[in-house]
Each structure stands twice: as C-alpha cells, then as structure tokens.
Amino acid sequence: MSLELFNDLTRKKEKFVPLKPGEVSFYSCGPTVYDYFHVGNARPFIVFDVLRRYLEHLGYKVTFVQNFTDIDDKMIHRAHKEKITVPELAERFIAEYNKDADALGIRRPTFAPRATEHIPEIIHTIERIIANGHAYVSNGDVYFDVRSWENYGSLCKQNIEDLEAGARVEPGEKKRDPLDFVLWKAEKPGEPSWESPWGKGRPGWHIECSAMSSKYLGDNIDIHSGGVDLMFPHHENEAAQSEAASGSGKPFVNFWLHNGFLLIDNEKMAKSLGNFVTARAAIEKFPPIAIRFFMLSAHYRSPLNFTTEALEQSASGVSRLRNCRSDLEFAFKTRTGENANFDMNAYKNNLAELDTKFHAAMDDDFNTAAALGVLFELVHLINTSLKENAILPAEFFESSLNALRVYDDILGVIGCEDSETETDAETLEIENLIQERTQARKNKNFARSDEIRNELKSRGIILEDTPQGTKWKRELQ
RNA sequence: GGCGACAUAGCCAAGUGGUAAGGCAGAGGACUGCAAAUCCUUUAUCCCCAGUUCGAGUCUGGGUGUCGCCUCCA
C-alpha cells in the first residue's frame with residue numbers, strides 16, 4: 001500500500017504522488033502573531049507536523065514552509081492597544097509561538113517566512129497578476145478581479161452567484177464587484193506601509209501566502225494545509241492569485257488538506273467567540289505530550305471536543321506508553337540473557353506484522369487514531385513478553401525499543417528522546433536514596449522506606465519495586 | 001437559501017459489505033511489606049425508519065439530532 005490523502009479539491013482520497021520523485025513541497029498556513037495561539041489553532045500545527053514527519057519517515061525530502069502573518073488589521077490594532085510597534089508585537093509573539101510549539105513537540109519548519117520580509121515578492125506577485133489581466137488598480141488599492149477567473153469557487157465548491165450573495169463590501173472600498181478581494185491596501189494614516197508601484201500601502205491577507213509559497217516552493221506545490229475555515233475565502237483566493245500570477249495553467253496545489261475544528265462545549269473554539277483556551281494555558285494545566293496525544297486520538301478531519309476528561313484520558317494513555325518504554329529499558333539492564341524458550345523469530349514476525357498495520361493506518365490519510373491503536377497493540381505485546389519471560393535476549397530489547405523509537409519519531413507521543421538526558425547530580429542523589437531505601441526494606445524498616453518513597457514522590461519521582469530491584473521514573477509533566 | 005461534516009459501550013475513538021481495533025474509567029482475579037506498574041477475565045440491540053444484498057456500523061432513500069463554512073477565524 002502507499003500513502004493516500006483526502007484531497008479537498010476532489011473530495012476524494014487520492015494516492016499521493018509528489019511532483020518531483022522523492023521530494024515533497026508542503027505549505028501550511030501559520031499563525032497571525034498578534035496574540036498567543038489557542039488549542040484550536042494548535043490542532044493543525046500538530047496534525048500536519050505528524051504528516052510532515054511521516055513523509056520524512058517514508059524517505060521524502062520534505063520542504064515544509066509555515067508562514068508568520070505579521071501585518072494585518074489585528075496586528076495593527078493589537079500593537080496600538082499595547083502601545084508598541086507592529087514589528088515589536090510580531091517579534092514578541094513569534095517568540096511565544098515558538099515556545100509553545102516547541103513544548104508541543106512541533107518541529108520547526110524548513111522555512112518560517114514573515115510577510116513583512118517579503119514585500120518585494122508580494123509586489124512582484126501582484127504585478128504578475130495585473131499583467132495577466134486578473135487584477136485592477138483602484139485609488140491606490142489593488143483588487144483581484146474574481147469574475148475574470150473562471151475556476152473561482154472550485155475549491156469550496158460554491159458557484160459564484162451563491163458566493164456573491166454573501167459577499168461583503170467594506171465602506172470605502174472601491175471594488176468593481178463585491179466578490180473581488182484586496183491584494184494591496186492603500187496606506188491609511190498611522191498604519192505601517194511600504195512603497196509600491198500603486199503608492200504606499202500594505203499587502204492584503206491572502207497574497208503573502210501566494211508570494212511566499214512561490215518563493216520557497218515554486219508555482220506548483222504538492223501539499224497545502226490549514227483549518228477547514230481557511231478553505232473559503234483564504235485558500236480559494238490564494239489558489240486564484242497564485243494561478244493567475246503564474247499564468248501557466250498548472251494547479252497551484254495538488255493536494256489541499258484541511259483539518260476539522262477543535263470544539264469546546266460542542267462549539268467551534270474561536271477567538272471571536274471568546275470560548276478559547278490558549279495553548280499556553282493548556283500546557284500549564286496538562287502535560288504537553290498529552291495534548292499532542294489528544295490531538296492525534298481522532299482523525300484530523302473529524303471534529304474533536306476539548307474537555308478536561310478527554311485530556312486526562314490522554315495523559316493516562318501517554319503514561320501507559322511511557323511505562324512500557326521505561327520498563328523495557330530497566331529490564332534491558334537487569335534481565336538480558338540467553339533464553340532458549342523465547343522464540344525470537346516469532347517475536348520479530350509479530351513486530352513486522354504490527355509494523356505493516358501501523359503503516360497501513362498512516363497510509364490511509366494519516367489515520368493517527370488507528371496508528372495509536374497499533375502502538376498500544378505493540379505495547380501489549382512487549383508487556384506480555386516481559387511478563388512471561390524472566391530473561392530475554394538483547395535482540396528482544398533492541399528491536400522493541402527501536403520500534404517504539406520509530407513510531408515515536410513520527411507521532412511524538414512517548415517521549416523517547418527525553419529518557420537519555422538524566423546524568424546529573426540529581427540522578428546520583430536519587431540512586432543513593434534508592435540504595436538507602438533498599439537497605440531499609442531489607443531490615444523491614446518500612447517506615448523509612450515509605451518516607452523515602454514519599455519524599456521522592458513529592459519531587460515527581462516514582463519508585464517501583466521489582467524482583468530485579470527498584471526502578472524509578474519521572475512523573476508525566 | 002447554497003455547500004459540507006458528524007451521530008459506534010460510562011467516556012474518547014478506529015472501522016476496507018461478512019456477526020464490532022485500541023485507549024480511559026469500572027468490576028473480579030494474579031503479583032506485591034505497602035504502593036505502582038503489568039498480566040488474566042469482564043462491559044455495544046453501531047441515532048431512527050425503509051430499501052438493495054445470501055449478508056450493512058459500512059451502500060441507497062427518507063427522517064431526527066448536533067456542528068461548521070458561505071464574514072475576521074486553524
């Protein structure tokens with residue numbers, strides 16, 4: 001089987017074939033950096049991070065671009081309110097974005113371009129659209145001429161008359177048609193502006209993505225993703241602009257992917273509704289890895305309801321995965337040896353079978369919920385093997401740990417990489433306390449034994465007694 | 001009005017027409033100084049009604065309910 005993705009352009013699952021063999025160009029709409037992002041915003045960042053990782057796992061060289069929108073009305077209003085400049089505001093919230101995204105295990109994009117650093121490219125893109133006859137200048141504004149674009153509505157599957165009925169015209173706008181949208185906005189007093197062939201002004205919302213995706217990925221790209229609410233008007237407009245600019249007749253994007261909404265109280269989480277929880281607040285309340293697990297526990301196109309209960313369940317799920325890893329590591333140190341009764345070949349066949357299932361799940365429109373199911377089947381296989389065999393060959397541990405590492409490298413819900421970072425003074429102190437406790441237990445001094453356990457517990461260290469001695473792990477944070 | 005999504009156990013959730021993955025929580029048991037972890041056992045008239053079919057959670061039609069886009073929005 002090979003990777004299939006649900007393409008919103010055709011509303012069907014299609015086999016994923018990149019434009020260039022072995023390479024993937026992938027553009028994902030990023031945040032407007034006027035505030036902290038909320039957990040609803042985090043959903044696409046996390047799920048498309050997983051798609052990106054999976055593509056890399058499959059061996060593709062992925063160029064992943066996610067922009068920062070650092071100039072628009074919201075930026076201007078917020079900067080004004082905070083009494084700082086727009087660039088200062090952008091600088092601050094790009095840093096905050098990176099902080100939260102890093103905590104959530106979202107890998108940095110190959111390129112993270114900012115709109116304001118691409119004004120010449122934006123102007124050039126607009127010039128190409130005008131030259132190709134699909135935009136017009138009106139009093140210092142530049143508008144896209146929607147009526148001149150035959151395919152308009154092909155992504156959102158709306159006919160142009162229905163769109164027309166809902167179209168809005170802002171006071172002061174000088175559009176020929178209500179559907180036309182702005183590419184370049186003439187300067188208003190007190191707002192940031194740049195020189196352009198049409199006078200001073202700033203870019204419209206949609207044009208930056210067209211200009212930057214073209215710069216970093218070319219005029220035809222493999223994948224473009226975002227929340228389902230971006231399908232119209234943002235992505236519809238982007239496609240029209242990009243294709244009108246290139247004039248090549250080739251599609252701007254081969255695969256359009258849109259994630260479903262994160263709901264809260266069964267309603268869309270949105271800044272405008274005021275029912276949002278910032279990612280920052282969520283990270284303070286729940287382990288970030290549990291938030292990640294939660295996002296992957298449903299298919300990315302389904303709605304997903306954000307509740308305390310669901311997050312707590314996710315945290316328990318993550319603990320099960322991590323326990324398996326740490327039990328495996330502990331047993332590797334204490335229970336490795338020859339075991340004639342253990343059928344290593346049969347075990348490897350089981351691993352291979354699960355690997356096939358895992359890939360089948362991910363190949364099916366990156367069905368992370370099903371993939372997590374396979375991961376738990378693997379955990380069960382490992383736990384049962386550990387239970388049934390006192391001694392296991394090194395190969396058992398190596399292959400099991402390797403499998404966990406591979407899947408974690410794609411999903412990021414176990415935290416395989418942070419287990420190897422503990423060789424400091426604290427570790428030594430913990431080991432000493434454990435030794436003292438072991439001695440106390442030998443002397444049946446259970447009072448002292450429990451005292452040590454409780455003391456470590458209060459520091460987030462969990463002790464577990466096993467026939468091979470006491471193992472310790474950190475509580476999920 | 002136009003376009004669309006969703007409805008599976010107490011909760012979350014997967015599901016390619018052949019009598020329902022997985023996780024969380026619960027119950028019973030094993031193990032254990034205690035605890036934790038783990039293992040075993042256990043929990044579903046797949047929203048309703050028709051239809052197609054030898055057979056439907058899965059296809060078709062019709063309901064009901066929930067949500068979303070069409071306006072800034074992930």
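Reckoned from all heavy atoms, side chains included, excluding hydrogens, waters and symmetry mates. These numbers come from a predicted model, not from an experiment. Labels below follow one simple rule: chain letters A, B, ... track the order of the sequence lines, proteins then strands, and each chain is numbered from 1.
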Measure [atom1]/[X] against [atom2]/[N] and give the value in whole Å, please.
X      : N      : atom1 : atom2 : result
A:E475 : B:rA36 : CD    : P     : 13 Å
A:F286 : B:rC12 : CZ    : P     : 15 Å
A:L311 : B:rC11 : CG    : P     : 18 Å
A:L381 : B:rG22 : CG    : P     : 13 Å
A:E208 : B:rC72 : CD    : P     : 15 Å
A:N323 : B:rC39 : CG    : P     : 10 Å
A:I461 : B:rA36 : CD1   : P     : 18 Å
A:L304 : B:rA74 : CG    : P     : 17 Å

Practice prompt. Please indicate whether A:H80 has more than 12 foreign heavy atoms, meaning atoms of other residues, nucleotides or ligands, lying under 6.0 Å from its NE2.
Written response: no
Discussion item. I'd like to check the side chain to side chain contact (heavy atoms under 4.5 Å, CB included) partners of A:T356; sequence neighbours left out, ordered by chain and number.
Written reply: none
At under 4.0 Å between heavy atoms, what does [X] touch on the DNA or RNA strands: base, sugar-phosphate, or nothing?
X      : result
A:C156 : sugar-phosphate
A:H258 : nothing
A:N259 : base
A:K74  : sugar-phosphate
A:G30  : nothing
A:L375 : nothing
A:E312 : nothing
A:A369 : base
A:E309 : sugar-phosphate
A:K157 : sugar-phosphate
A:L463 : base

Fill in: salt bridge (Lys or Arg N to Asp or Glu O under 4.0 Å) partner of A:D35, the single match among A:R78, A:R280, A:R92
A:R78
Practice prompt. For the pair A:F144 and A:F181, name the ring-plane relationship: parallel under 30°, tilted 30 to 60°, perpendicular over 60°.
Written response: parallel
Practice prompt. Quick one: sort the A:F26 and A:F48 rings into parallel, tilted or perpendicular, breaks at 30° and 60°.
Written response: perpendicular
From the list [options], which nucleotide is the closest neighbour of the side chain of [X]?
X      : options                : value
A:D162 : B:rA36, B:rG2, B:rC72  : B:rG2
A:K387 : B:rA14, B:rG33, B:rU38 : B:rU38
A:E464 : B:rA37, B:rA21, B:rC3  : B:rA37
A:T384 : B:rC39, B:rA14, B:rA35 : B:rC39
A:N41  : B:rA74, B:rA14, B:rC3  : B:rA74
A:K357 : B:rA21, B:rC34, B:rA14 : B:rA21
A:F376 : B:rG33, B:rG22, B:rC69 : B:rG22

Fill in: Charged tip of A:R301 within 45° of A:F6 ring normal and under 6.0 Å
yes
Between [N] and [M], how far is it from one [atom1] atom to the other, in whole Å?
N      : M      : atom1 : answer
B:rA44 : B:rG63 : P     : 33 Å
B:rA25 : B:rC11 : C1'   : 7 Å
B:rA20 : B:rG26 : P     : 27 Å
B:rG28 : B:rU43 : C1'   : 12 Å
B:rU45 : B:rC40 : P     : 25 Å
B:rA21 : B:rC46 : P     : 14 Å
B:rG4  : B:rG55 : C1'   : 32 Å
B:rU16 : B:rC12 : C1'   : 23 Å

May I ask you to verify whether the side chain of [X] and the base of [N] hold a donor-acceptor pair under 3.5 Å?
X      : N      : answer
A:S449 : B:rG33 : yes
A:R43  : B:rA74 : no
A:R11  : B:rG4  : no
A:D450 : B:rG33 : yes
A:Q313 : B:rG23 : yes
A:R437 : B:rG33 : yes

Please confirm whether the ring centroid of [X] lies under 6.0 Å from the ring centroid of [Y].
X      : Y      : answer
A:H224 : A:F255 : no
A:F45  : A:F37  : yes
A:F111 : A:Y27  : no

Worksheet item: Quick one: on RNA chain B, does A:N266 or A:R301 contact a more 5' nucleotide (nearest heavy atom)?
Response: A:R301
Response to the item:
Sorted by position of nearest nucleotide on RNA chain B, 5' first, the leading residue of A:H38 and A:G373 is A:G373
Worksheet item: Would you say the side-chain atoms of A:H380 and A:N383 include a donor-acceptor pair closer than 3.5 Å?
Response: no
Given [N], is OP1 or OP2 found less than 4.0 Å from the side-chain N or O atoms of [X]?
X      : N      : value
A:K13  : B:rU16 : no
A:H380 : B:rA21 : no
A:R320 : B:rA37 : no
A:N367 : B:rG15 : yes

Fill in: Test: A:E191 and A:R202 ion pair at under 4.0 Å
yes
Item to complete: Name every residue in residues 224-233 of chain A that has at least one heavy atom under 4.0 Å from any atom of RNA chain B, in order of residue number, or write none if there are no such residues.
Response: A:G226, A:G227, A:D229, A:L230, A:F232
Discussion item. Going by purine N1 to pyrimidine N3 plus the second Watson-Crick contact, or the G-U wobble pair, all under 3.5 Å, which nucleotide sits opposite B:rU64?
Written reply: B:rA7
Worksheet item: Taking any strand in view, what nucleotide pairs with B:rG33 in a Watson-Crick or G-U wobble way, both distances under 3.5 Å?
Response: none
Response to the item:
Those residues at least two apart in sequence (or on a different chain) that pass salt bridge (Lys or Arg N to Asp or Glu O under 4.0 Å) with A:R448 are A:E436, A:E451
